[in-house]
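Reviewing the structure listed below.
Basis for what follows: all heavy atoms, side chains included, without hydrogens, waters or symmetry-related copies. Throughout, protein chains are lettered first and strands after them, A, B, ... in sequence-line order, and every chain is numbered starting at 1.
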Amino acid sequence: MIGAVRERTLTPVSEADLSRMLRIRHFEKALLRLFEQGRLNGTTHTCLGQEHVPVAVSALLRPEDHVFSNHRGHGHFLARYDEPHALLAEITGREGALCNGVGGSQHIYHERFLSTGVQGESLPVAVGVALRHKRTGDGIACAYVGDGTWGEGSVYEALNMAQLWGAPLLVVVEHNRIAQSTPTGAQLAGSIAGRCAGFGVRHERVESPDVNVVRGALAPLVDYVRREKRPAVFEASVHRAGPHSKGDDTRTAAELAEAAAGDWYAHYTRDFPAQVAALEEIERAFIDAAVENVLARPLSEWS
Amino acid sequence: MIGAVRERTLTPVSEADLSRMLRIRHFEKALLRLFEQGRLNGTTHTCLGQEHVPVAVSALLRPEDHVFSNHRGHGHFLARYDEPHALLAEITGREGALCNGVGGSQHIYHERFLSTGVQGESLPVAVGVALRHKRTGDGIACAYVGDGTWGEGSVYEALNMAQLWGAPLLVVVEHNRIAQSTPTGAQLAGSIAGRCAGFGVRHERVESPDVNVVRGALAPLVDYVRREKRPAVFEASVHRAGPHSKGDDTRTAAELAEAAAGDWYAHYTRDFPAQVAALEEIERAFIDAAVENVLARPLSEWS
Amino acid sequence: MRVAEHLNRSLHALMENDPSVHLLGEDVSDPYGGAFKITKGLSDRFGPRVMSTPLSEGGIVGVGAGLALAGDRAIVEIMFGDFATLAFDQLVNFAAKSTTMYGRRVDVPLIVRLPTGGRRGYGPTHSQSLQKHFIGVPGLSVYEMSPFHDAGRLFGEIFASGTPAVFFEDKVLYTKPMLSGGDGLHTFEVRDGWAVIRAERDTEDVLLAPGGLTDRAVAALRDLLLEDEIACTLLVPARLHPLDVTPVADVLAAAKRVHVAEDGTAGGTWGAEVARLLHERLWGRLTAPITHISAPDSIIPTAAHLEARCTVQPADIRRAINK
Amino acid sequence: MRVAEHLNRSLHALMENDPSVHLLGEDVSDPYGGAFKITKGLSDRFGPRVMSTPLSEGGIVGVGAGLALAGDRAIVEIMFGDFATLAFDQLVNFAAKSTTMYGRRVDVPLIVRLPTGGRRGYGPTHSQSLQKHFIGVPGLSVYEMSPFHDAGRLFGEIFASGTPAVFFEDKVLYTKPMLSGGDGLHTFEVRDGWAVIRAERDTEDVLLAPGGLTDRAVAALRDLLLEDEIACTLLVPARLHPLDVTPVADVLAAAKRVHVAEDGTAGGTWGAEVARLLHERLWGRLTAPITHISAPDSIIPTAAHLEARCTVQPADIRRAINK
Ligand SMILES: Cc1ncc(C[n+]2csc(CCOP(=O)(O)OP(=O)(O)O)c2C)c(N)n1
Ligand SMILES: Cc1ncc(C[n+]2csc(CCOP(=O)(O)OP(=O)(O)O)c2C)c(N)n1
Ligand SMILES: [Mg+2]
Ligand SMILES: [Mg+2]
């Protein structure tokens with residue numbers, strides 16, 4: 001599919017979007033580096049390869065909307081709130097942390113963003129939040145989940161209630177073809193599209209590394225959720241370009257190559273090498289400085 | 001739809017089937033009567049209006065198959081095991097009870113029949129049992145559930161695993177349009193057929209009070225489950241002709257009339273009045289005698 | 001007034017006075033009004049603020065937590081407390097944790113009502129008293145309905161605390177009258193979340209028991225007094241956990257023998273936690289280790305004659321105290 | 001040998017010797033071999049008897065129970081013990097109850113393995129020690145891995161009992177060596193499901209603690225002996241519930257002060273249940289109420305400096321015993 005000479009396949013990207021995608025990427029890469037250096041404690045799940053999805057999503061959300069995030073949530077957060085210092089402080093337990101270092105990577109509550117580490121648990125909660133939005137205005141609840149999370153029964157209890165009660169709930173599925181080490185084919189029978197149909201819930205799927213294409217496909221769905229006050233599921237096909245958490249990647253070389261090839265970053269560096277290079281320089285430096293800044297801070301306090 | 005003069009719509013019924021349907025019916029009616037008379041303790045859920053489904057199902061099962069039943073399980077049991085005395089002894093806590101009176105109406109384990117009162121809980125268990133059958137022979141697991149039980153997440157966890165792993169699991173849905181007091185439209189978004197499709201699970205639906213039609217629709221499905229070692233869902237559209245448990249029916253007169261009209265019993269008495277009358281006499285007397293016999297027994301013992 | 005009616009009226013008043021209160025559960029809408037009729041009249045009166053739900057115990061507790069997080073107040077009825085097991089994750093890992101795990105206080109005004117207990121012949125999966133399994137979850141309170149306590153006040157107290165709570169309601173208690181004043185033999189005094197039931201001051205025997213045991217505990221007290229000439233004070237806390245015994249410190253200070261009764265099965269009981277608190281507090285003053293009265297370590301059978309053996313009876317309480 | 005390796009070898013031997021044993025859990029297959037690598041090599045060796053599952057904690061425990069009911073033996077790994085909350089219904093209302101609620105004994109040879117505990121910076125939903133919530137379920141045993149006990153023997157004992165069990169495995173313990181003999185200061189003796197760790201016979205201080213606390217309990221014992229001149233015997237039971245103290249009756253008979261340590265949070269603890277048993281048994285012989293050492297009543301924060309405050313440290317144990 002990819003020849004030696006190749007047409008540009010991506011649409012032109014705005015500087016804001018590309019910067020943010022690169023900022024998230026370098027944030028994540030910095031984390032993996034810190035882990036390798038033994039300077040970080042606990043665990044983390046980076047969103048390498050998936051950064052464009054939350055960047056596409058966030059532009060369509062309003063400040064009053066609630067976002068529910070999961071274990072792989074740094075991109076979800078940074079795409080919505082440009083506060084990498086605060087997030088890094090949270091992950092490293094430093095002053096200025098979003099949640100005083102208590103929640104860490106997986107448990108963040110900041111303004112209208114909430115994440116937790118138990119897969120599927122947040123969907124019924126998001127239904128409840130969406131029901132309040134329905135009553136009080138035009139807000140919506142947006143919940144990110146992975147493909148593997150569709151194994152959890154709570155997902156279906158939530159879809160059923162959301163559809164029955166007309167909850168303005170947008171579920172964003174980052175379908176990265178794998179759950180930890182288990183390929184989707186081994187953990188998900190049928191399809192996400194089919195499951196949504198079974199509950200009468202509108203579903204769209206997009207398969208593109210292009211942030212504009214993803215956003216373009218999502219926009220009418222967000223509109224539908226907001227105006228019709230109905231749930232919808234948006235499935236973005238993506239590639240997990242990094243390990244599940246840190247260094248626990250047991251995929252074969254071929255699988256890794258496929259994931260690397262599908263990474264939006266590979267596409268953008270090929271189609272817009274100069275733009276990527278210029279912005280990447282800035283973002284790398286910015287994140288490096290943020291790391292230095294945050295790691296020099298005193299430990300967070302919590303009472 | 002039902003005129004004054006009306007063609008026969010049912011196929012001829014075997015004496016064995018009709019007897020069993022009537023035996024179950026009179027068993028259930030006897031229970032409600034005993035409750036009214038204050039001679040029964042606790043609660044019960046009768047299968048009035050749904051008797052033909054387990055009678056249709058049971059003829060297709062083999063002794064080695066496992067049946068998982070639910071709260072509304074007397075018909076499931078009696079269609080498979082012609083032991084009304086033992087069941088009644090269980091429900092009334094008398095000598096000769098299936099489970100010494102410990103389990104009661106909702107918790108029965110007898111040979112390869114197991115029921116429990118927590119909706120949806122038995123489906124994953126049935127998957128486990130089916131997986132053993134798959135390994136050891138041609139047995140299958142057959143699990144009865146109601147339409148309302150499709151609200152429980154466990155149903156989807158089970159469907160997913162059953163399909164992924166090729167478990168010979170037959171799910172029989174007695175779709176009686178209601179869950180306790182809640183009409184299906186208020187508790188189930190989309191459809192059961194659609195949900196099964198979403199998991200890649202084969203599904204058939206039958207809408208008939210005719211035991212032969214129900215059995216005929218099910219037979220190829222049982223064959224599929226047994227031979228292909230795959231799960232399947234069989235949905236029988238039925239009418240709950242009685243209350244949810246005892247006297248807790250808040251349906252409107254029109255709804256009750258609709259349920260009564262859909263009852264297989266109404267159809268069979270209309271199409272085969274003489275046959276029904278003759279057999280009914282026998283079954284009523286048989287059950288009456290069983291009631292007298294069992295209620296005269298000493299209380300069950302359990303250590 | 002029967003406890004069921006009192007609960008029903010309390011819910012009516014709560015929803016009337018606070019439009020942010022929402023109630024959800026299986027079959028809670030009119031005309032059915034819930035399996036135990038506690039929610040009768042609410043949906044007719046408050047419309048969409050009362051929602052009959054699908055069979056999804058985990059899901060509806062999650063929805064309740066979501067409403068609570070977003071600024072509402074939520075009451076979730078789980079038809080039988082036995083099925084709270086299906087919502088254990090939402091309660092333990094979401095609702096309770098959210099109050100503190102984000103590094104600051106987050107209010108989750110959520111009450112999960114749990115009709116509970118045996119003695120009605122409903123069988124092993126519909127008769128349990130699972131209170132003990134909810135004790136000691138950081139950020140979760142455990143309450144139990146009693147005939148002495150105004151349910152509306154308790155609901156108000158829980159919502160005001162911002163801490164989610166499970167609220168156990170004994171199913172037989174529903175059919176009993178609310179109690180106040182006394183019964184001729186004993187006086188009933190309510191103070192700061194406790195009811196004190198006694199025939200005289202400063203008894204050497206003190207019995208602690210949750211509200212669901214009131215009928216049997218008072219019957220035992222009567223027999224003890226009239227037949228065995230033992231005066232025993234009964235203490236009934238509305239909140240089982242965290243347990244604050246300071247309001248009844250005077251009663252406990254006089255005790256020589258303390259007994260704890262509960263409907264749960266033996267092993268890992270609420271009483272063990274009460275004893276942990278009280279052995280420390282009363283060390284050197286008690287003449288015997290704290291007595292534990294509970295159901296045996298057994299499932300609860302269906303048949304009445306078997307069930308009676310596996311549920312706490314007045315005679316069990318009397319015998320334990322009399323020993 | 002490290003505990004992780006010992007567990008892994010025990011599973012290999014178990015599956016080798018008993019073809020009815022099946023193992024399932026998320027990501028348990030090779031080459032991944034489970035989040036904590038305890039199941040490495042099993043799927044390569046035993047093929048379809050080892051199954052990587054979807055994310056369905058409730059479901060897979062149900063499948064395990066189904067296999068067990070039908071004649072197999074099943075081991076289910078839940079990736080983090082915190083998620084056992086999602087299987088609470090299957091454990092409490094199905095697997096445990098099925099052993100007795102049908103009026104006769106029904107075997108359910110099922111082991112649910114639960115990697116557990118904090119001190120690894122995984123945060124509030126991945127660090128809990130939920131043992132206490134599983135204590136006192138009729139028909140359910142609670143075990144905890146220790147460096148003294150042969151896991152294979154315990155698995156065999158559970159299967160032979162026919163009673164389903166939750167098997168807690170401290171995640172930090174995985175990285176520690178199996179222990180036997182002694183450490184120069186203390187001797188390690190294993191008898192009938194207990195380990196007895198002591199420097200001398202008949203100590204007045206006795207500490208009970210589950211296996212996951214071994215590292216910290218032994219460190220505390222050392223400091224107590226060397227710095228504070230207090231000899232304390234440590235008792236580590238493999239089965240936390242039901243707890244049978246007869247094999248260590250001699251050690252307890254000598255005690256004047258008993259302490260119980262555990263990783264769970266304060267309130268409704270396993271220790272409260274142990275104290276209930278022991279206060280009765282040792283009444284009049286103890287000079288102080290039984291001491292309880294546990295994590296505080298708090299979620300477990302992520303940042304190391306905060307987490308340390310909310311997990312039990314050797315100094316906490318030493319301080320409590322020294323008081
Ligand atoms: C209830 C629950 N079960 C298991 C886990 C452990 N776990 C964390 S992420 C993960 C895989 C999730 O896969 P997916 O939903 O596809 O998200 P991805 O990691 O691919 O982004 C697992 C098993 C968890 N956090 N919560
Ligand atoms: C987990 C669980 N939730 C709630 C109940 C209480 N309950 C018993 S039957 C029932 C309705 C079930 O509806 P459906 O599945 O349609 O079966 P039907 O009663 O119509 O046969 C309810 C809510 C239960 N037994 N288990
Ligand atoms: Mg994935
Ligand atoms: Mg129904």
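The side-chain heavy atoms of A:V118 and C:F94, taken from C-beta on, include no pair separated by under 4.5 Å.
Heavy-atom pairs under 4.5 Å with chain C were tallied for A:L131, A:V129, A:V125, A:L164; the largest tally goes to A:V125.
Heavy atoms of A:L98 lying under 4.5 Å from chain C belong exclusively to its backbone. At a 4.5 Å heavy-atom cutoff, C:V61 makes no contact with chain A through either its backbone or its side chain.
Nearest heavy-atom pair across A:P124 and C:G59 is CB-O, 3.5 Å. Shortest non-hydrogen contact noted between C:M101 and A:V102 is O-CG1, 3.4 Å.
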All donor-acceptor atom pairs under 3.5 Å, backbone and side chain, chain A-chain C:
residue	atom	partner	partner atom	Å
A:N100	ND2	C:G103	O	2.9
A:Y109	O	C:R104	NH1	3.1
A:Y109	O	C:R104	NH2	3.4
A:S115	O	C:Y102	OH	2.9
A:E121	O	C:Q90	NE2	2.9
A:R132	NE	C:A70	O	3.0
A:R132	NH1	C:D72	OD1	2.4
A:R135	NE	C:H22	NE2	3.3
A:R135	NH1	C:D72	OD1	3.3
A:R135	NH1	C:D72	OD2	3.4
A:R135	NH2	C:H22	NE2	3.2
A:R135	NH2	C:D72	OD2	2.4
A:E157	OE1	C:G59	N	2.7

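In terms of the ring pair (Phe, Tyr, Trp, His ring centres under 6.0 Å) criterion, A:F68 has no residue partners (sequence neighbours excluded).
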